[in-house]
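Small disclaimer: the values here were computed from a predicted structure and weren't measured.
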Amino acid sequence: MWHGKIDARARSRSLTFVMRFSVPAMVLAWAAGPWTDTLAVKGAATNLQAIAQISQSRLFRWRDAKGMLLSGPHNETLSNNWSGYGINGGGNYTAMQGTWTVPAVSYQSYSGSPDIEASSTWIGVGGQDGDETLIQIGTMQAASPDGETEYFAWYEVLPDTEIPISGKQYPVKPGDTITATIQCTAACAPYALSTWVLTLTNAGSWPQPYTITLQYASSLTSVEWIMEGPCIKDCGSSSPGFAYMPNYGSTTFSAISVNNSTPKLARSPNGIIMKDPNGNAMSMPSDPIGNSFTVNFTI
């Protein structure tokens with residue numbers, strides 16, 4: 001659980017975000033779970049406020065009708081909410097970093113015409129393969145059919161919901177260069193109540209970094225650099241509903257590190273491809289080059 005003070009304006013920003021994207025049509029999400037019924041549609045004249053606060057989620061993998069895990073052409077993980085790269089196994093991951101450029105997003109017309117499309121760009125510790133712990137920090141990008149867009153920073157520690165960071169003090173816009181760090185500073189052991197420092201820097205835009213210190217018990221078993229389709233429905237359940245992604249073009253994660261070293265990433269076993277319910281890739285990582293890789297919108 002999160003402990004400490006929360007900016008009241010950050011709490012209200014979530015409400016502002018969902019209110020801005022209120023449009024009189026259907027909101028379409030797609031759910032994790034059996035793929036015989038992946039589309040979950042809310043009633044007409046609804047909006048995100050009526051569904052749930054947007055949130056991030058742990059990794060959900062694609063499986064076949066028998067429950068067997070599916071893999072990409074190079075043995076990448078196939079997911080219905082994450083894309084990018086992750087490391088799972090080895091344990092005791094207590095420090096990580098990543099830099100990215102906030103992508104400009106635009107509304108993408110899908111079958112079913114969802115009212116809201118959203119993507120999150122973040123780094124995190126935990127959350128893979130049944131791990132219920134996950135500590136994250138990053139940016140959100142969203143678009144609506146009328147061309148309106150929204151950008152903001154946030155952090156989250158499961159099972160709590162996302163905490164937006166004050167846009168007045170820490171504004172986010174396309175083209176901003178964001179550097180995120182997650183560092184355990186005390187009692188750093190698996191599932192121990194540890195002290196964590198989360199930092200977000202917006203080069204050239206913020207006079208000082210955003211930093212928060214919190215207490216959290218993490219598994220320490222995985223780390224990741226992710227472009228996500230965030231949760232918009234039943235986020236605390238075993239079958240949450242995820243947003244479709246807006247067209248974000250591409251963005252590059254660079255200066256990535258784990259425990260103060262450059263990780264040796266490869267498509268197998270570290271790559272993660274996000275697919276929609278029809279099996280189409282929505283977001284795909286490039287091959288890693290040194291301490292960087294690019295994620296690409298592919299539909």
Side-chain angles (χ1 to χ4, degrees), residues 56-59 72 74 76-79 81-88 90 93-105 118-128 134-142 151-156 165 172-183 198-206 209-210 222-230 245-275 281-298:
Q56 315 308 313
S57 183
R58 60 187 177 85
L59 175 69
H74 302 287
E76 302 98 334
T77 294
L78 295 186
S79 172
N81 64 324
W82 286 15
S83 62
Y85 277 86
I87 302 172
N88 191 11
Y93 298 117
T94 58
M96 66 175 307
Q97 176 179 298
T99 296
W100 65 88
T101 300
V102 177
V105 296
S119 64
S120 289
T121 315
W122 54 267
I123 65 170
V125 177
Q128 295 190 44
L134 180 56
I135 184 168
Q136 316 159 266
I137 191 167
T139 59
M140 176 82 75
Q141 304 84 218
Y151 302 85
F152 62 91
W154 56 272
Y155 70 91
E156 182 176 80
I165 296 168
V172 174
K173 65 183 184 302
D176 285 351
T177 299
I178 301 292
T179 296
T181 62
I182 299 175
Q183 174 79 52
L198 281 61
T199 302
L200 212 59
T201 301
N202 190 339
S205 295
W206 299 348
Y210 172 83
S222 62
V223 290
E224 44 274 331
W225 302 262
I226 298 296
M227 181 71 77
E228 179 178 358
M245 276 194 174
N247 187 334
Y248 69 85
S250 66
T251 194
T252 297
F253 284 89
S254 61
I256 62 177
S257 67
V258 179
N259 290 351
N260 301 313
S261 298
T262 298
K264 295 180 179 179
L265 300 178
R267 283 191 174 273
S268 176
N270 307 120
I272 306 170
I273 298 172
M274 179 179 169
K275 289 197 170 188
M282 302 175 75
S283 186
M284 182 178 296
S286 70
D287 290 327
I289 301 176
N291 65 351
S292 68
F293 67 89
T294 299
V295 282
N296 299 283
F297 182 78
T298 57

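Between the side chains of Gln97 and Ser257, not a single donor N or O lies within less than 3.5 Å of an accepting N or O. For the residue pair Ser261/Asn259, the side-chain donor-acceptor check at 3.5 Å is not satisfied. Donor-acceptor pairing under 3.5 Å is lacking for the side chains of Thr77 and Trp82.
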Go through the steps to decide whether Leu134 and Glu224 satisfy the test side-chain contact (heavy atoms from CB on, under 4.5 Å), and finish with yes or no. CA-CA 10 Å; Leu134 180 56; Glu224 44 274 331; 3.5 Å; yes
CA sep, side-chain torsions, deciding dist, call: Ile123, Val223, side-chain contact (heavy atoms from CB on, under 4.5 Å): CA-CA 8 Å; Ile123 65 170; Val223 290; over 6 Å; no
Can Phe297 and Ser119 be said to form a side-chain contact (heavy atoms from CB on, under 4.5 Å), step by step? CA-CA 11 Å; Phe297 182 78; Ser119 64; over 6 Å; no
Pair Tyr155-Leu200, side-chain contact (heavy atoms from CB on, under 4.5 Å): steps then yes or no: CA-CA 10 Å; Tyr155 70 91; Leu200 212 59; over 6 Å; no
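Contact detail for Ala142 and Val105: the closest heavy-atom pair is O-CG2, 3.6 Å. The two residues Ser292 and Thr252 make their nearest non-hydrogen contact at CB-CG2, 4.3 Å. The two residues Phe152 and Trp154 make their nearest non-hydrogen contact at O-CD1, 4.0 Å. Considering every non-hydrogen atom in both Gly290 and Thr262, the closest pair reads O-CG2, 4.2 Å. Residues Thr298 and Ala281 come closest through the heavy atom pair OG1-O, 2.5 Å. Nearest heavy-atom pair across Ile137 and Ala180 is CG2-CB, 3.9 Å.
Put simply, the side chain of Pro263 reaches to within 4.5 Å of the side chain of Trp225, judged on heavy atoms. Between Val102 and Thr251, every side-chain heavy-atom pair lies at or beyond the 4.5 Å cut-off. The closest side-chain heavy-atom distance from Tyr151 to Lys173 is not below 4.5 Å. Residues Asn88 and Tyr93 fail the side-chain proximity criterion, which asks for heavy atoms closer than 4.5 Å. Side-chain contact between Met227 and Met282 is absent, with no heavy atoms from C-beta onward closer than 4.5 Å. Here the side chains of Pro285 and Val295 are in contact, with some heavy-atom distance below 4.5 Å.
Asn296 contributes atom CG, which lies 9.5 Å from atom OG of Ser83 (distance to the nearest 0.5 angstrom). One finds the CD1 atom of Ile182 at 8.0 Å from the CD atom of Gln136 (value rounded to the nearest 0.5 Å). Rounded to the nearest 0.5 angstrom, Met284 CE and Lys275 NZ are separated by 7.0 Å. Rounding to the nearest 0.5 angstrom, the gap separating the CD atom in Glu156 from the CD1 atom in Ile135 is 10.5 Å. Considering CD1 of Ile178 and OG1 of Thr121, their distance stands at 9.5 Å, rounded to 0.5 Å. In this structure, His74 NE2 and Ile273 CD1 are separated by 8.0 Å, a value rounded to the nearest 0.5 Å.
A salt bridge (charged side-chain N to carboxylate O under 4.0 Å, His left out) check over residues 282-296, counting only residues at least two apart or in different chains, returns the pairs Arg267-Asp287.
Checking side-chain atoms of Asn291 against main-chain N and O of Ser254 turns up no donor-acceptor pair under 3.5 Å. A donor-acceptor pair under 3.5 Å is absent between the side-chain atoms of Thr201 and the main chain of Ala203, judged by distance alone. The closest donor-acceptor contact from the side chain of Asn81 to the backbone of Met274 lies at 3.5 Å or more, if one exists at all. A side-chain donor-acceptor contact under 3.5 Å links Ser286 to the backbone of Thr294.
The side-chain hydrogen bond (donor to acceptor under 3.5 Å, both in side chains) search around Thr181 returns none, not counting sequence neighbours. Applying the ring-ring contact (aromatic ring centres under 6.0 Å, His included) test to Phe293 and every residue at least two apart in sequence or in another chain returns Tyr85, Phe253.
Here the rule is side chain to side chain contact (heavy atoms under 4.5 Å, CB included) with Leu265, and of Ile87, Val258, Ile289 only Ile87 fits it.
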